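Structure first, commentary second.
The structure displayed is predicted, hence computed values, not measured ones. Protein chains get the first letters and strands the later ones, always in sequence-line order, with residue 1 at the start of each.
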Amino acid sequence: MRTHKNRFTVLGLLALGALVGLMAYTQQAKPLDPFEEAMRQRQMYLETFGILPGELFAEEGKELFFRKGPSGKTLEECDFGKGKGVLEGVYAILPKYFLDSRRVEDLESRVYTCMQTVQGFKPAEIERDEVKAITTYIASFSSKAKIQVAPKHPAELAMYNLGRELWYTRAGARDMSCAVCHDQYAGQRVRLSPVRSPKQGLGNEWPAYRFEEDKLYTMEDRINFCYESIAIPKPEFYSDVHIALTLYMLAEAAKAGHSFEELPFFTR
Amino acid sequence: MKRLAVMVAGLVLLGLGLSQVSPFRARLEAVLHQGGHEFAQVMLSQDKGQALCSQYRDKLPADLIPGFLAEQKALIKYPQSGKLLGDWKNGEKVFTDPKRGNCYACHAGVASEVAHGTMGPPLTDYGQRGTLEAVVRYTYEKIYNAWAYVPCSLMYRGGVHGLFTPEETADLVAFLLDPNSPINRR
């Protein structure tokens, strides 16, 4: 409980800092480069508080990782892709096929699965914020790692193809798809936000703390944010929609030789 | 009798075979349903144009283009008054509103607005084109249904989807073409 309280105090201060920063940012006559601005904010947080907001989520995730579930087990008993208890570099190889669940899973759905099958939680007992924190903790072991997502298993290849199909699906009242912005117009901006393609490394920055929102976003959160902004209702968490799209994007980023950013990342 | 039965059975099997969706399509639909009811409903109710653009990855084969353009053109509705040049002041509201025009997401507009996207061509000084009937009509139709001119363009069909009415489309035209509009004045 104490860490929670501390976290909220620090987060409150950080939010205040973000607000001041944001005001200064929007008062500018010329638009600033959003990534440069994020780096400036990051530096300010480090100098003022000595810690980044993302690290607080990872700390919370660590506690939850070592918490015993109803079965008496912690998440140390879960195989995240490189065997039980191995966290180093696992985020860089996900999504992948897991024999025990007979499913291709990204890190978030894998955490969700293991909290049920290993730890004995019921789905209704699993809070989204807990999964986000645990995901952030595990992803921090792949900070700056080379992306190594390469579909091989037939289930992974099928999931990659489904992800590509979703990527090109134009739907909703704005006639949008992922591809029409993120391939055809990669390098351009939507309002002030630069848009990247998977070949330019799209997806290599999550989980990240977004200072404009004062929230932590995982890859699934970010996919949902995209769908909402193109007038398509966001898909439910841990669905194959997220897993297929993530597999497609990260496989393309891997082919182009990209690495993850510092994880958890700090961004606008 | 026996031959008839065999023929009927054959026809039934043929019909069943033709009515089945491909295994890939079936799997895709299952994935969409996993995303939840509302998500699946929107993703599965593509109109013909959206389905074609998805199928051909936004690059339609040449032989499909004339038919596509004609079908899109037929979706355009016009104001009852027949006036395609409306009120630029209301047009600016629709242009700026993220839920209606949302035009700044991709286009530069009034020169003082710096928070604009760069995916579409800048619209600053659009009124230099003048207000000949052909310019007004093209501008109206392009805004109402961009796909009537460029199949599968990123610019979406705001009028077709009811994001703005025919009258509001005419107001957007005025915002772009009226010499008094801030788009054309610095």
Salt-bridge test for [X] and [Y]: reply yes if a basic N is under 4.0 Å from a carboxylate O, no otherwise.
X	Y	result
B:R57	A:E165	yes
A:R110	A:D100	yes
B:K73	B:E141	yes

Most contacts with chain A, counted as non-hydrogen pairs under 4.5 angstrom, among [options]:
options	value
B:M155, B:Q46, B:M119	B:M119
B:Q34, B:Q41, B:H107	B:Q34
B:H37, B:M43, B:K99, B:E113	B:M43

Per-residue contact mode, [X] against chain A (heavy atom under 4.5 angstrom):
X	value
B:N102	side chain
B:S45	neither
B:L163	side chain

Residue among A:E236, A:R170, A:M176 with most heavy-atom pairs under 4.5 Å to chain B:
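Of A:E236, A:R170, A:M176, A:R170 has the most heavy-atom pairs under 4.5 Å with chain B.
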As an exercise: rank A:S177, A:A244, A:C181 by heavy-atom pairs under 4.5 Å with chain B and give me the winner.
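Looking at each option in turn, the highest pair count goes to A:C181.
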Is A:F237 close to chain B through its backbone or its side chain, or both, or neither, when contacts mean heavy atoms under 4.5 Å?
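Interface part for A:F237: neither.
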Under 4.5 Å heavy-atom distance to chain B, tell me which part of A:D183 shows up: side chain, backbone, both or neither.
neither
Is it true that B:F95 and B:Y104 have ring centroids separated by less than 6.0 Å?
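Centroid distance B:F95-B:Y104: below 6.0 Å, so yes.
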Is the distance between the ring centroids of B:Y149 and B:Y138 under 6.0 Å?
yes
Other residues, nucleotides, ligands: >12 heavy atoms within 6.0 Å of B:E38 CD
no
Are we looking at SG atoms under 2.5 Å apart for B:C152 and B:C53?
yes
